[in-house]
Student: 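Before anything else, here's the structure in question.
Computed from a predicted model, the values in this text were never measured in an experiment.
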Amino acid sequence: MHSFGALILTASLALFSATALALPSTPCHADNVTTVLGETHEQAAGLARNLVKNTGVGTFMSIMNADKKDGALEGYPFGSMDYYVDDCDAPGTPLMLLSHLQVNVQNARTTNRVSLAIRKEGERSSPMADPRVTLLGHLAHLDPEQHARAEACFVAQHPEAKWWLPGNGFHDFKWYLLKIDAIYYVGGFGGIHYIGWIDVDTYYASIQDGFSETQKQQSFQQIFQ
């Protein structure tokens, strides 16, 4: 009898997954505050905070200026991988060590509108099921009195970065903060997870652990009780 119950639960979960993937996008895409099957807006904000804190690498993007290819690429999006850390002095704000030779930095000097796309890797068989977040904002120079703290924080997560710290022969590298103006979060497949914009104040106020994987499983189990 126990095996039969387990079989029914397995079948129900499979049906739930198939149905959820077929749901229209409207209920799970949020402009402001929306509750979906997996996470609320506030819980998604916590997950986004946790993702930013624990990842440390993302795709840094900017808008091409007119200096390359005789201006033919002006206005195109440009992205490349970069390290960051969840700033030790202002948790939730990415701290970046960037060179003026980087295309993104040159672009930001012309149009200081940038973004950082971050995703969690390796949890599921399909990367489309993994959570990811895009932080949109602008670069700001780090105050000099914060440089020593920034070095310790950054090198603790990225040890090889000690070779290109300012003052170690790579004088073109400087400290920047990515000041966040907007946040877009994708928790996974629509209908199951939160997909949409996250209020910046809610993001900063959220508990970093947010909505854990255990809580997600408990939420799904409650649906079938």
Student: Is there side-chain contact between Y83 and M96, with heavy atoms separated by less than 4.5 Å?
Tutor: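 Of all side-chain heavy-atom pairs linking M96 with Y83, none is under 4.5 Å.
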Student: So, N65 side chain and T110 main chain: donor-acceptor pair closer than 3.5 Å or not?
Tutor: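 It does not hold such a pair.
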Student: Any donor and acceptor pair, going by atom type alone, linking the side chain of D70 with main-chain N or O of A72 inside 3.5 Å?
Tutor: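 No.
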Student: I'd like to know if the side chain of R119 reaches the main chain of A117, judged simply by a donor and an acceptor atom lying under 3.5 Å from each other, with no hydrogens or angles considered.
Tutor: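 Checking the backbone N and O of A117 against the side chain of R119, no donor-acceptor pair under 3.5 Å is found.
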Student: Flag the pair H41 / T202 as yes when at least one side-chain heavy-atom distance between them is below 4.5 Å, and no otherwise.
Tutor: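 Side chain of H41 against side chain of T202, heavy atoms only: contact under 4.5 Å found.
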Student: Find out whether the Lys NZ or Arg CZ of R49 is both under 6.0 angstrom from the six-membered ring centre of Y203 and within 45° of the ring's axis.
Tutor: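 Pair R49/Y203 counts as cation-pi.
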Student: Quick one, I118 and L135 - any side-chain contact, counting heavy atoms below 4.5 Å?
Tutor: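 In short, these two side chains touch, coming nearer than 4.5 Å.
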Student: Say whether N107 and Q102, considering side chains only, have a donor N or O and an acceptor N or O under 3.5 Å apart.
Tutor: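 No - no donor-acceptor pair under 3.5 Å links their side chains.
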Student: If you group Ile, Leu, Val, Met, Phe, Trp and Tyr by side-chain heavy-atom gaps below 4.5 Å, do M81 and L101 land in one group?
Tutor: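 No, because M81 and L101 fall into different hydrophobic clusters, even though each may have its own neighbours under 4.5 Å.
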Student: How many angstroms lie between atom CZ of R149 and atom CG of D143, to the nearest 0.5 angstrom?
Tutor: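 If we round to the nearest 0.5 Å, R149:CZ and D143:CG are 15.0 Å apart.
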Student: Within the side chain of E151, is there an N or O that forms a donor-acceptor pair under 3.5 Å with the backbone of A148?
Tutor: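 Between the backbone of A148 and the side chain of E151 there is no qualifying donor-acceptor contact (under 3.5 Å).
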Student: Are any side-chain N or O atoms of D89 and backbone N or O atoms of Q146, one a donor and one an acceptor, separated by less than 3.5 Å?
Tutor: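 Checking the backbone N and O of Q146 against the side chain of D89, no donor-acceptor pair under 3.5 Å is found.
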Student: Quick one: does K69's side chain get under 4.5 Å of M64's, heavy atoms only?
Tutor: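 A side-chain contact under 4.5 Å is absent here.
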Student: P94 versus V85: any side-chain heavy-atom pair under 4.5 Å?
Tutor: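 No - every pair of side-chain heavy atoms lies 4.5 Å or more apart.
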Student: Check for a donor-acceptor pair, side chain of N50 on one end and backbone N or O of G46 on the other, with a separation under 3.5 Å.
Tutor: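 No, the answer is negative, given that no donor and acceptor are paired below the 3.5 Å cut-off.
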Student: Treat each ILVMFWY residue as a node, draw an edge where side-chain heavy atoms are under 4.5 Å apart, and state whether L142 and W164 are in one component.
Tutor: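 Yes; W164 is reachable from L142 via cluster members.
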Student: Nearest 0.5 Å, what's the OG-CG distance between S99 and D82?
Tutor: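 If I round to the nearest 0.5 Å, the distance is 10.0 Å.
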Student: Please find the pair of heavy atoms, one from S115 and one from T134, that lie closest to each other, and give the distance.
Tutor: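 Result for this residue pair: CB-CG2, 4.1 Å.
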Student: Kindly compute the distance separating CG (L136) from NE2 (H138), expressed to the nearest 0.5 Å.
Tutor: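 Output value for this atom pair is 12.0 Å.
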Student: Taking the side chain as every heavy atom from C-beta outward, state whether N104 and F78 have any atom pair closer than 4.5 Å.
Tutor: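 Sidechains of F78 and N104: in contact.
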Student: Determine whether W197 and Y185 satisfy the following criterion, ring pair (Phe, Tyr, Trp, His ring centres under 6.0 Å), listing intermediate values before the conclusion.
Tutor: CA-CA 6 Å; W197 297 99; Y185 178 76; over 10 Å; no
Student: Around atom NZ of K179, are there more than 12 heavy atoms of other residues, nucleotides or ligands at under 6.0 Å?
Tutor: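 Counting neighbours around NZ of K179, 12 or fewer heavy atoms of other residues, nucleotides or ligands fall under 6.0 Å, so no.
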Student: Rounded to the nearest 0.5 Å, what separation is found between the OH atom of Y204 and the CD1 atom of I180?
Tutor: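 Reported to 0.5 Å precision, the distance equals 3.5 Å.
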Student: Are any non-hydrogen side-chain atoms of I183 and V200 less than 4.5 angstrom apart?
Tutor: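 A side-chain contact under 4.5 Å exists here.
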Student: Do I63 and L139 sit in the same hydrophobic cluster, where Ile, Leu, Val, Met, Phe, Trp and Tyr count as joined when their side-chain heavy atoms come under 4.5 Å apart?
Tutor: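 Looking at the clustering, L139 is in a separate group from I63.
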Student: Ring-plane angle category for W175 and F154, please: parallel below 30°, perpendicular beyond 60°, tilted otherwise.
Tutor: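 Ring orientation of W175 relative to F154: perpendicular.
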Student: Would you indicate whether the side-chain heavy atoms of M61 and P77 approach each other to under 4.5 Å?
Tutor: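 Result no, sub-4.5 Å side-chain heavy-atom pair not found.
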Student: Would you give the length of the straight line joining atom CD of Q106 to atom CG of L98, rounded to the nearest 0.5 angstrom?
Tutor: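 The CG atom of L98 is 12.0 Å from CD of Q106, to the nearest 0.5 Å.
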Student: Is any side-chain N of the basic residue among D181 and R113 closer than 4.0 Å to the acidic one's carboxylate O?
Tutor: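 A salt bridge is absent here (no side-chain N lies under 4.0 Å from a carboxylate O).
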Student: Kindly say whether H193 contributes a backbone atom to a donor-acceptor pair with the side chain of E39 at under 3.5 angstrom?
Tutor: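 Flag not set: sc E39 to bb H193 has no pair under 3.5 Å.
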Student: Side chain to side chain contact (heavy atoms under 4.5 Å, CB included) with Y84: which of L177, L95, L116?
Tutor: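 Considering L177, L95, L116, a side chain to side chain contact (heavy atoms under 4.5 Å, CB included) with Y84 is found only for L116.
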Student: Any idea which heavy atoms bring V114 and S62 closest together, and the distance?
Tutor: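 Closest heavy-atom pair between V114 and S62: CG1-CB, 4.2 Å.
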Student: Which heavy atom in V155 sits nearest to a heavy atom in A161, and how many Å separate them?
Tutor: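 It is CG2-C, 4.5 Å.
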Student: Quick one: pull up SG in C88 and CD in Q157 and give me the separation to the nearest 0.5 Å.
Tutor: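 The distance works out to 9.0 Å.
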